[in-house]
Number of protein chains: 2
Amino acid sequence: MGKIPTVYDVATRAGVSIATVSRVFSRPESVKEETRRRVLESVDALGYVPSGAARGLAARRTGVLGLFFPGLDAMDDIADIPFDDGDALTGSATIVRDVAGAVDTRPLNLYFDEVLRGSELEAWRSGFVLLVGVGRGDTAHDTVRDMAGRVDGLVVLAGSASEDELLQLARRIPVVVMAGPSRGDELDHVSVSNAEGMNALVTHLIVDLGVNDIAYVAGSTDSPDDEERWRGFRSALHAAGIEAPAGPALRGDFTREGGRRAGRELLSREHLPRAVVCANDQMALGVIDTARIAGLEVPTQLIVTGFDGIDAGRLSTPRLTTVRQPMERLGRAAVQVLVRRLSEPERSAMSVRLPVEVILRESSEPA
Amino acid sequence: MGKIPTVYDVATRAGVSIATVSRVFSRPESVKEETRRRVLESVDALGYVPSGAARGLAARRTGVLGLFFPGLDAMDDIADIPFDDGDALTGSATIVRDVAGAVDTRPLNLYFDEVLRGSELEAWRSGFVLLVGVGRGDTAHDTVRDMAGRVDGLVVLAGSASEDELLQLARRIPVVVMAGPSRGDELDHVSVSNAEGMNALVTHLIVDLGVNDIAYVAGSTDSPDDEERWRGFRSALHAAGIEAPAGPALRGDFTREGGRRAGRELLSREHLPRAVVCANDQMALGVIDTARIAGLEVPTQLIVTGFDGIDAGRLSTPRLTTVRQPMERLGRAAVQVLVRRLSEPERSAMSVRLPVEVILRESSEPA
DNA sequence: CTGAAAGCGCTAACAC
DNA sequence: GTGTTAGCGCTTTCAG
């Protein structure tokens, strides 16, 4: 790779000082046209690329924003994925016949995908690049810290790091918490209207559709959103004067399979409710799977609703009524808040709550 | 934010030298138990987080890998997405009735999502974090360079930067090119078996299904994969002794709408082929849309196939026959090659070609 | 408009 | 084991 050119090399070749080279990059207009031209010519000729590390150290800002997620990919598919050099060199294709009903791949990753996309977009708009990290197992701790050391600000998904850890990191750089329950502390926070969305959906079922016999399928208790959605469900029942149980009777784990199980349990009971409201789309799709197998027609015999607004719900039959979270906007908002915080360090903590949309489709409304 | 603690602060408080503090992080076992404890105690008390910039500068390695994509999101949805502080503080939810047939969101982003996920996973396994950047418009140039200055190695999706640019950057750090045509130069390259996959699919149509009247819908000419897929199509016809046109007669732009247009053009002709093979799934779904509107039954009257293996193709009716690209593996392989290159700088350029799978579903095989 | 010089916070020999 | 001491490659006053 030879020797990597530095400012000194460029300066020497262009017959200027390193300060001038630096200026050409930071405030080009402050350098005389002719001088600038010479510098750029050298940059090009030498293939000079400024060292981000050196810049960051000297300027005390890196131009990088961090995005940290909890790692919920299955740890078992993390095995090595070897490619023999020989084997890999020749292209190949095998033929597979896909029997219907294959399991759904990519669990709830879609959530991250969209948040990430929004974050990246917004970071770019503000002139930053994005460092992404996933906290997996016991390396999570080190990963965030490492990231915190390299960025100007950090967006952290609720639940991916401990509260103490975050507060600690916040002493060094601004930290924005994304999703999860609202918080009164010193960290900026961005979330969506989980409770309000669920409330609006359930209220629609009760008021507009005249349904008053509704079962609820909750998700994992460790999810920050799960609790809020249940609260929204409960408050809608309350408002309608319907007695609400103290806690959800059915609980899945946010997966489609979990929804299928919950569905089976529901069907095994003596009484079938008119509607089943699920804490997310995956589980709702699972409940529909079970209903179909049992010969129950959705929505005429059983109304099913989800939450999130994933694509699979738009493509299913019947299409799924749901509450759409603005995931991409969530990512964008988080970065916006972060960037703003960067310029106004003293401002008091912000808490942004994004609106959601209840999307009515055929799983609740007969066509 | 107060003063940010440095190694010096930690060293002073623990009564050791900065070298020892540094060692506690890099080779903990080389420091006496008791000393290490004192240092860690100080780290904790002060909330010390090592500066990535300083580390990177001194060690000449950053522990960061870069992933650079071309930006193909629509530039128009990049407008500001303002949130008034007041408005945003109160949660809210609106109700929307989703009429069927809404346009498909998220064009071919899914490709990136998966590649990104694979890359991140592999980077994590190797102890790196990932810096992601998207080249949008005329900032693309600056963005890659900026990234190149901050990472130990870079994975670049073919077409997102000019050849010259890449070669230039490769003088500073290892660069792995992902996708696109195979290349004989000095850059490492990772791709999938586009031609082989298309060939296998078309051969199946001809040999197993007895189809010999096949139309082809190509994608944008600027896609590096488009050409290869066409080649695979052509070679399959050749092998079967069927005359193949010099170039694709129909061309979409890889979008569903493009597929619909191509479908309409096809149907307007005097002769209807038995099958239409598309350069990607989105277009295939678009062709199916058109066929349905025209009252043509797929696959009995018209066979339609795609390429990529996106989820929408698994969820469509009929389900789409396609060639699945191992996108996540592609991302993983690219990072693996990069990491390997990092440890063996002198090794000659590698070219890895990943296998694909032809997935047979109801859009080509009557149930 | 340009140059000189002082760091930025850490790692990595090299001594002790 | 632990301390000393050079830098790493830039940015940023401060002069001129």
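Below, chains carry the letters A, B, ... as their sequence lines are ordered, and counting in each starts from 1. The analysis underlying the following values was restricted to heavy atoms, covering all of them including side chains, and did not include hydrogens, waters or symmetry mates.
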Peer 1: May I ask you to list the residues of residues 27-36 of chain A, by number, that have any heavy atom positioned under 4.0 Å from an atom of DNA chain D?
Peer 2: none
Peer 1: Strictly by salt bridge (Lys or Arg N to Asp or Glu O under 4.0 Å), give each pair with a member in residues 38-54 of chain A just once, sequence neighbours left out.
Peer 2: R13(A)-E41(A), E34(A)-R38(A)
Peer 1: Just to verify, what does R36(A) make a salt bridge (Lys or Arg N to Asp or Glu O under 4.0 Å) with, not counting sequence neighbours?
Peer 2: none
Peer 1: A side-chain contact here means heavy atoms from C-beta on lying under 4.5 Å apart; do V129(A) and D146(B) qualify?
Peer 2: yes
Peer 1: Please list, in numerical order, the residues of residues 17-25 of chain A that have a heavy atom closer than 4.0 Å to any atom of DNA chain C.
Peer 2: S17(A), A19(A), T20(A), R23(A)
Peer 1: May I ask you to say whether D113(B) pairs ionically with R117(A), meaning some side-chain N is under 4.0 Å from a carboxylate O?
Peer 2: yes
Peer 1: Listed by chain and number, what are the salt bridge (Lys or Arg N to Asp or Glu O under 4.0 Å) partners of E163(A), not counting sequence neighbours?
Peer 2: R183(A)
Peer 1: Taking the side chain as every heavy atom from C-beta outward, state whether V21(A) and V24(A) have any pair of such atoms under 4.5 Å apart.
Peer 2: no
Peer 1: Determine which pairs satisfy ring pair (Phe, Tyr, Trp, His ring centres under 6.0 Å) with at least one residue from residues 24-46 of chain A, sequence neighbours left out, and list them in order.
Peer 2: F25(A)-Y48(A)
Peer 1: Among residues at least two apart in sequence or on other chains, which ones pass side-chain contact (heavy atoms from CB on, under 4.5 Å) with T6(A)?
Peer 2: K3(A), Y8(A), D9(A)
Peer 1: Kindly list each side-chain donor-acceptor pair under 3.5 angstrom involving residues 60-68 of chain B, sequence neighbours excluded, with atom names and distances?
Peer 2:
| residue | atom | partner | partner atom | Å |
| --- | --- | --- | --- | --- |
| T62(B) | OG1 | V64(B) | N | 3.1 |
| T62(B) | OG1 | R150(B) | O | 3.4 |
| T62(B) | OG1 | D152(B) | OD1 | 3.1 |

Peer 1: Among residues at least two apart in sequence or on other chains, which ones pass side-chain contact (heavy atoms from CB on, under 4.5 Å) with A53(B)?
Peer 2: L57(A), S51(B)
Peer 1: Quick one, which residues of residues 44-61 of chain A touch DNA chain C with a heavy atom under 4.0 Å?
Peer 2: L57(A), A58(A), R60(A)
Peer 1: Taking it one step at a time, do H141(A) and E165(A) satisfy side chain to side chain contact (heavy atoms under 4.5 Å, CB included)?
Peer 2: CA-CA 8 Å; H141(A) 190 82; E165(A) 177 91 59; 2.4 Å; yes
Peer 1: Could you work out, with side-chain contact (heavy atoms from CB on, under 4.5 Å) as the rule, every residue matching T139(B), not counting sequence neighbours?
Peer 2: W124(A), R136(B), T143(B)
Peer 1: Of all nucleotides in DNA chain D with an atom under 4.0 Å from a non-hydrogen atom of chain B, which is the first and which the last going 5' to 3'?
Peer 2: dG1(D) to dG9(D)
